[in-house]
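A quick write-up on the structure given underneath.
Keep in mind that this is a model prediction, so the values were computed, not measured.
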Amino acid sequence: MEIADVPAKFATLGLTYDDVLLLPGYSDLAPSDIDTTSRLTREISLKVPLVSAAMDTVTESRMAIAMARQGGIGVLHRNLSIEDQAYQVDLVKRTQTGIISNPVTIGPDATLEQLDRLAGEYRISGFPVVDADNRLIGMITNRDLRFTPVAEWATTKVDEVMTPMPLITGDAGISREDATALLRQHKRERLPLVDEQGRLAGLITVKDFVKGEQFPNASYDADGRLLVGAAIGYFGDAWLRATTLIEAGVDVLVADTAHGNVQMLIDMVKKLKSDPATKHVQVIGGNVATKEGAQSFVDAGADAVKVGVGPGSICTTRVVTGVGVPQISAVYEAALACRPAGVPVIADGGLRYSGEIGKAIVAGADTVMLGSMLAGTAEAPGDLLLINGKQFKAYRGMGSMGAMSSRGKKSYSKDRYFQAEVTSDDMIVPEGVEGQVPYKGSLATVAHQLVGGLHQTMFYVGARTATELQEKGKFMRITSASLKESHPHDIQVTVEAPNYHS
Ligand code: XMP
């Protein structure tokens, strides 16, 4: 190597969240003017630009439901069998909607014991009863079970206790207003919808209508069902996984590896966006950390690009491999390729405070993906851990030993770290760690603080919309002394704030 080549070997300075602050700008806004709506993909917008990470200690159906209700979206992890992941999609798509287009049903010959199991699984208390041709023959609810002793549930059939037809029903295409009027007039909790042949075409429940009012920002598809994403890979039966998830109703597929700028994953995105069976679904490609990497996904037809190589709280990729790009620079670089093509950017990993959402957006992101900030919520998978009187939840990297080894159960996601063919646990090279995070209560509380913080960012910058924030936001680079000044200092904090930890 010539001495003259040396500067070319040194990439430009990389910056991350702690290296910058946003400048305050002139603001003529009232807080109510601010709108955080942002694009997740080419065709899907979210009222709240938050995405929960596809990690087995962050996003299963409960988190995905909670995220969509808050106006964001969850991406179901892929350390699951295809059937289990598709089942999780199904659970989300059947939850809390204006009109449930494909309700869970039961047959007349099922036993009350089977009914009870189904009710627990889907957390619902009433089912339309249908015959083999999906014709509505009755309704059965918790109330109908009350008069049958539990000891007899194994032998009592649904049609012995259900409320049989004729029932109050609505037409398949009924409006929200007409449905509300019918429910009110007949004082019913549920309104089954039927087509001209008497086949079940949907179900409306009063509870869902009320919930619709409770979650004004919720992320819905065109049929009023909650939005959900799911992660896939490129290896083995990845195509079967993708098509099975699509059949289950997934809205967004996230083709996801730790290093996305690899031909096999780019080909996967290309195929998904060109095959007639799959191209209607939104596809996100990731992760990349350079303009070139983002450009590969843009050229492959991706509907969004996910950015982040090594910024995550549980990541060791940068220390194990020496590879990565500080996250503000990575997002900026990726946006250079994505912005001209109209492809949204997701800033994935490394966020610790609400103020970093705005920083990511100004750097060029449209939404942010969160792992550690959500892993401590009640909706994240896993039980509460009580340690020295304090509550925690487990959180681990998808490239950790725990997630990639056969310890406990089969790992389905080793290909995220290009180790799918490693059969012995001793040979795994982990790129993540396992640990715990403090318990934070409900996702709604955490999301409120995150969105509230973003609102304030937009107010300080003088940006009415996320696009205006991208345009108007300006960074100042700061020193480590400034960073020290930014955090509380010269005080011993005695009362914890809900949105700050040191
Ligand atoms: P945060 O900082 O939000 O990061 O906890 C979540 C993101 O980190 C990525 N991820 C990993 N990266 N090794 C890595 O290098 C891992 O084991 C690992 N697990 C997750 C992922 O992009 C996630 O969204």
Before you tell me yes or no, could you show the steps for Lys93 and Asp223 under salt bridge (charged side-chain N to carboxylate O under 4.0 Å, His left out), namely the whole-Å CA-CA distance, both residues' side-chain angles and the distance that decides it to 0.1 Å?
CA-CA 10 Å; Lys93 296 309 285 183; Asp223 294 327; over 6 Å; no
Quick one, Gln282 with Lys273, criterion side-chain contact (heavy atoms from CB on, under 4.5 Å). Give me CA distance, side-chain angles, the key distance, then yes/no.
CA-CA 8 Å; Gln282 296 290 281; Lys273 288 313 295 181; 4.1 Å; yes
Given the rule in the side-chain contact (heavy atoms from CB on, under 4.5 Å) test, do Lys359 and Leu21 qualify, once you have shown the distances and angles that lead to the verdict?
CA-CA 8 Å; Lys359 290 183 185 178; Leu21 278 174; 4.2 Å; yes
Please step through side-chain contact (heavy atoms from CB on, under 4.5 Å) for the pair Leu227 and Leu46, ending with a clear verdict.
CA-CA 10 Å; Leu227 291 180; Leu46 302 174; 4.2 Å; yes
For Ser38 and Thr367, run side-chain hydrogen bond (donor to acceptor under 3.5 Å, both in side chains): C-alpha distance rounded to whole Å, both residues' side-chain angles, the deciding distance at 0.1 Å, then the answer.
CA-CA 7 Å; Ser38 204; Thr367 58; over 6 Å; no
side-chain contact (heavy atoms from CB on, under 4.5 Å) evaluation trace for Met268 with Val283:
CA-CA 10 Å; Met268 185 72 178; Val283 177; over 6 Å; no
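With 3.5 Å as the limit, one finds no donor-acceptor pair spanning the side chains of Thr37 and Ser45. At a cut-off of 3.5 Å, with distance as the only test, a side-chain donor of Ser125 or Arg190 sits close to an acceptor on the other residue.
Side-chain contact between Ile246 and His280: present, with at least one pair of heavy atoms (C-beta onward) separated by less than 4.5 Å. Counting only heavy atoms from C-beta outward, the side chains of Arg318 and Pro311 approach each other to under 4.5 Å. Between Pro192 and Leu200 there is a side-chain heavy-atom pair separated by less than 4.5 Å. Counting heavy atoms from C-beta outward, Ile361 and Thr457 have side chains that stay 4.5 Å or more apart. Side chains of Met369 and Val75 form a contact here, defined as non-hydrogen atoms less than 4.5 Å apart. Ile328 has its side chain out of reach of Asp19: every pair of non-hydrogen atoms, C-beta onward, lies at least 4.5 Å apart. With a 4.5 Å cut-off on side-chain heavy atoms, Met67 and Ile73 do not count as touching. A heavy-atom distance below 4.5 Å is found between the side chains of Ile65 and Leu226.
Salt bridge status for Arg225 with Asp251: absent, with no side-chain N to carboxylate O gap under 4.0 Å. Using a cut-off of 4.0 Å between Lys/Arg side-chain N and Asp/Glu carboxylate O, Asp18 and Arg352 are scored as salt-bridged. We find that Asp348 and Lys306 are joined by a salt bridge, their nearest charged nitrogen and carboxylate oxygen being less than 4.0 Å apart.
Here Thr105 contributes atom OG1 and Met139 contributes atom CE; the two are 11.0 Å apart, rounded to the nearest 0.5 Å. The OH atom of Tyr500 sits 5.0 Å away from the NE2 atom of His487 when rounded to the nearest 0.5 Å. Within the model, atoms OH of Tyr332 and CZ of Arg339 stand 9.5 Å from one another, a figure rounded to the nearest 0.5 Å. His455 NE2 to Asp35 CG: the interatomic distance, rounded to the nearest 0.5 Å, is 7.5 Å. Here CG of Leu454 is found 14.0 Å from CZ of Phe459. Values are rounded to the nearest 0.5 Å. Going from atom CG of Leu245 over to atom CD1 of Ile82 covers 8.0 Å, rounded to the nearest 0.5 Å.
Other residues, nucleotides and ligands contribute only 12 or fewer heavy atoms inside 6.0 Å of the OH atom of Tyr460.
No donor-acceptor pair under 3.5 Å is formed between the side chain of Arg39 and the backbone N or O of Val343. Under the 3.5 Å distance criterion, the side-chain polar atoms of Thr141 are left unmatched by any main-chain donor or acceptor of Gly126. Judged by distance alone, with hydrogens and angles left aside, the side-chain atoms of Lys440 form a donor-acceptor pair with the main-chain N or O of Met373 at under 3.5 Å. Remark: the backbone N or O of Ala330 is not paired with any side-chain donor or acceptor of Glu333 at under 3.5 angstrom. Side chain of Thr41 to backbone of Asp303: no donor-acceptor contact under 3.5 angstrom is found. Side chain of Glu356 to backbone of Tyr353: a donor-acceptor contact under 3.5 angstrom is found. Judged by distance alone, the side chain of Gln85 and the main-chain N or O of Ala231 form a donor-acceptor pair under 3.5 Å. In this structure, the side chain of Ser411 engages the main chain of Ala403 through a donor-acceptor pair within 3.5 Å. Side chain of Thr257 to main chain of Arg416: no donor-acceptor pair is present (N/O by atom type, distance under 3.5 Å, no hydrogens or angles). Listed for the Gln88 side chain is a donor-acceptor partner under 3.5 Å among the backbone atoms of Ser61.
Nearest heavy-atom pair across Ile357 and Leu450 is CD1-O, 3.9 Å. In this structure, Val368 and Ile346 approach most closely via the heavy-atom pair C-CG2, 4.3 Å. Shortest non-hydrogen contact noted between Tyr17 and Ala347 is OH-CB, 4.0 Å. Minimum heavy-atom separation, Ser52 to Gly74: OG-CA, 3.1 Å. Closest approach of Gly72 to Ser219, counting heavy atoms only: O-OG, 2.7 Å. Between Gln327 and Thr16, the shortest heavy-atom distance links the atoms N-OG1, 3.6 Å.
Between His259 and Phe418, the angle of the ring planes goes over 60°, which puts this pair in the perpendicular group of the 30/60° scheme.
The cationic group of Lys410 lies under 6.0 Å from the six-membered ring centre of Tyr412 and within 45° of the ring axis, placing it in a cation-pi geometry.
Residues satisfying the ring-ring contact (aromatic ring centres under 6.0 Å, His included) test with His448, not counting sequence neighbours, are none.
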Sequence neighbours left out, cut at 3.5 Å: what donor-acceptor pairs do the side chains of residues 375-388 make with other protein atoms?
unit_1	atom_1	unit_2	atom_2	d
Thr377	OG1	Leu374	O	2.8
Glu379	OE1	Leu443	N	2.9

